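I have placed the structure first, in the form of C-alpha cells, so that the comments after it can refer back to it.
Numbering starts at 1 and runs along the sequence shown. The analysis underlying the following values was restricted to heavy atoms, covering all of them including side chains, and did not include hydrogens, waters or symmetry mates. Predicted model only: the values in this text are computed from it and were never measured.
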Amino acid sequence: RKEFVDLYVNYVLNDAIRKPFEDFMQGFLRGCPAATWKMFLPAELQTVLQGHTKFDWHLLEKNVKYVQYKMLDQTIRNFWTVFHKLPEEKKKMFLAFLTGSDRIPGCGLEYFTFMIADPEAANPDEVCLVANTCSHILFLPR
C-alpha cells in the first residue's frame, strides 16, 4: 500500500503535470530569461514581480505633480486631508483605482509619481472622479 500511495502521489504531483509545466516554463523563459532573475534573492524577486506592500503615504503626497492645480489650492488640501484620514485598506483601494494595482511598483515609492489634474469641467459638481491608470493621472474636479 505504501508503494502504491508513493507512486500515485508521484504521478499526481510530478508525472501528470510534467508536460504542461515544461511548456509553461519554456514560454515563461522566452519572455523572462532565467539568467536575468538569478541576481535576485527570492524576497527581492517577489518585490520586483509583485510590488511593494509597505507604504509611506506622506512620501507619496510629496511625489505628486499637479496640472492646472497648485499644492496649496483648497481642493488639493481637502483631498490630502481626507486621504490621510482614510483607513489603510481604503488608501490601497485608491491606489488600485489610480494605477490598477494596490501595490507600488518594484522600483520603490521614492520613484513612484502620479499627477492630479483638473478636468476643467464647466460644472465640476456634475463630474465624477476619473483616473487614467496607464499614465497615473487622477482627474480631480474642483
Identify whether [X] and [Y] are in the same connected component of the hydrophobic contact network (ILVMFWY, side-chain heavy atoms under 4.5 Å).
X	Y	result
Val64	Val130	no
Val67	Ile137	yes
Tyr66	Leu72	no
Ile116	Phe55	yes
Phe79	Met93	no

Exercise. Any side-chain heavy atom of Glu44 sitting closer than 4.5 Å to one from Met39?
Worked result: no
Problem set entry | Within 6.0 angstrom of Gln74 CD, more than 12 heavy atoms from elsewhere | yes
Let me have the donor-acceptor pairs involving side chains of residues 97-104, under 3.5 Å, with sequence neighbours excluded, atom names and distances please.
| from | atom 1 | to | atom 2 | distance (Å) |
| --- | --- | --- | --- | --- |
| Thr99 | OG1 | Leu95 | O | 2.8 |
| Thr99 | OG1 | Ser101 | N | 3.2 |
| Thr99 | OG1 | Ser101 | O | 2.8 |
| Ser101 | OG | Arg103 | N | 3.2 |

Measure the spacing between [atom1] of [X] and [atom2] of [Y] and express it to the nearest 0.5 Å.
X	Y	atom1	atom2	answer
Met71	Ile76	CE	CD1	10.0 Å
Lys2	Leu7	NZ	CG	10.0 Å
Thr81	Leu86	OG1	CG	11.0 Å
Asp23	Lys19	CG	NZ	3.5 Å
Arg142	Glu120	CZ	CD	8.0 Å

Write down the atom of [X], the atom of [Y], and the distance for their closest heavy-atom approach.
X	Y	value
Pro141	Cys128	CG-O, 4.4 Å
His84	Lys91	O-NZ, 3.5 Å
Pro119	Leu140	CD-O, 3.4 Å
Ala16	Pro20	O-CD, 4.1 Å
Gln68	Asp118	OE1-O, 3.1 Å

For this session: Answer yes or no: is there a donor N or O on one side and an acceptor on the other, between the side chain of Tyr69 and the main chain of Thr75, under 3.5 Å?
Result: no
Exercise. Does the Asn63 side chain pair with the main chain of Leu60, one donor and one acceptor, at a distance under 3.5 Å?
Worked result: no
Problem set entry | Asp15/Arg18 ion pair, N-O < 4.0 Å | yes
Problem set entry | Other cluster members, Leu29 - Ile/Leu/Val/Met/Phe/Trp/Tyr, side-chain contacts below 4.5 Å | Phe21, Phe24, Met25, Phe28
Problem set entry | Pairing residues for Phe83 by the ring pair (Phe, Tyr, Trp, His ring centres under 6.0 Å) criterion, not counting sequence neighbours | Trp57, Trp80, Phe94
